[in-house]
A.B. asks: 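Mind having a look at this structure? Questions to follow.
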Amino acid sequence: MNMIEAKDGIHSIEKIAPNTYRIDEEGIVNCYFLIGKKSALLIDCGIGYGNIYETVRELTDLPIILAITHRHCDHDGGRNYFRNYYVHRNDKPFVYKLLSSKLACKALLKGNHVKAKLSKMPFHSKPIYFDDNFSFDLGNRVVNTINTPGHTKGSVVFLDASTNLMFTGDDVNPFLWMQLPGSTSLSTWLIGAKIIFSLTDNYTAYCGHVNGYETKEEIAGIINLVFSMLQNKPKFKGNSVIYPPDEKAKNHIFVSRNHLK
Ligand SMILES: [Zn+2]
Ligand SMILES: [Zn+2]
């Protein structure tokens with residue numbers, strides 16, 4: 001992996017395809033940056049630590065469109081560097097506003113043991129809600145979206161036919177979070193996860209955390225784990241559980257009682 005440190009000292013940049021970059025924010029979360037002929041698309045914008053805007057400006061002078069995979073603070077926390085941002089309409093409810101608040105960002109940084117202040121940003125970014133199958137035309141490059149409700153109801157996968165890459169946000173992560181309010185049941189998640197799995201015939205997946213790159217087998221692994229969890233109903237001590245209990249297992253699912261169905 002060839003990572004180049006950005007000028008803000010927080011982000012690092014990896015070229016994953018022509019005009020396509022993974023941007024890591026402090027090892028916590030990934031953003032993706034796709035440059036077309038007329039404009040560039042930033043998919044997710046981190047927690048708001050460091051300067052994601054200046055970081056992507058190092059890569060292009062073109063107008064930048066911000067769109068997010070889902071409305072959680074680690075994916076839209078840097079939105080106020082932009083005047084507006086695109087988000088799927090199903091992530092409009094108030095619960096997602098809470099989950100993308102500054103308070104949620106601070107709690108997340110604390111949870112990751114990062115002693116840092118969130119950056120001051122110039123705008124109060126306005127959401128632009130989009131519906132199913134919305135696409136972004138960057139000039140010679142069209143990026144399509146599909147809504148796969150699960151991790152959040154408005155979770156979206158971005159499909160870039162020019163590179164055969166897809167960006168899956170947090171919806172099929174190796175450590176899948178389904179414990180938060182605003183997540184769907186596991187059965188609903190399965191519908192979208194199977195769509196993502198079938199797309200791996202044509203697209204290579206990059207997700208929102210760790211090193212980004214995810215194989216078809218890894219996505220199958222998390223789907224199989226959900227099947228096994230629905231059959232073997234794990235025991236809850238509190239309201240949520242991490243399954244399987246073996247820390248060394250490849251995949252884990254963090255689920256709350258009311259989503260285990
Ligand atoms: Zn998330
Ligand atoms: Zn995330």
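Sequence positions, counted from 1, serve as the residue numbers for this chain. Each ligand, and each atom within it, is numbered from 1 in the order the structure gives.
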A.B. asks: Which atom, among the N/O/S set of His70, is closest to the Zn ion (ligand 1)?
C.D. replies: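 Closest N, O or S atom of His70 to the Zn ion (ligand 1): NE2.
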A.B. asks: Over 60° means perpendicular and under 30° means parallel, so tell me whether Phe33 and Tyr21 are parallel, tilted or perpendicular.
C.D. replies: tilted
A.B. asks: I'd like to check Arg141 versus Asp160 (side-chain heavy atoms, cut-off strictly below 4.5 Å). Are they in contact?
C.D. replies: yes
A.B. asks: Indicate if the distance from the Zn ion (ligand 2) to the nearest N, O or S atom of His75 falls below 2.8 Å.
C.D. replies: yes
A.B. asks: Examine all N, O or S atoms of His209, backbone included, and report whether one is under 2.8 Å from the Zn ion (ligand 2).
C.D. replies: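 For His209, the answer is yes, given that an N, O or S atom comes within less than 2.8 Å of the Zn ion (ligand 2).
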A.B. asks: When you measure from the Zn ion (ligand 2) to each N, O or S atom of Asp74, which atom gives the shortest distance?
C.D. replies: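 This residue's closest N, O or S atom turns out to be OD2.
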A.B. asks: Looking only at N, O or S atoms, which one in His72 sits nearest to the Zn ion (ligand 1)?
C.D. replies: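 Looking at His72, the N, O or S atom with the least distance to the Zn ion (ligand 1) is ND1.
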A.B. asks: Should we count NZ of Lys233 as having more than 12 external heavy atoms under 6.0 Å?
C.D. replies: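 Check passes, neighbour count above 12.
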A.B. asks: If the plane angle is over 60° it's perpendicular, under 30° parallel, otherwise tilted; pick one for Phe130 and Tyr86.
C.D. replies: tilted
A.B. asks: Does Asp170 bring an N, O or S atom to within less than 2.8 Å of the Zn ion (ligand 1)?
C.D. replies: yes
A.B. asks: Indicate whether any N or O donor in one side chain lies under 3.5 Å from an N or O acceptor in the other, for Asp170 and His75.
C.D. replies: yes
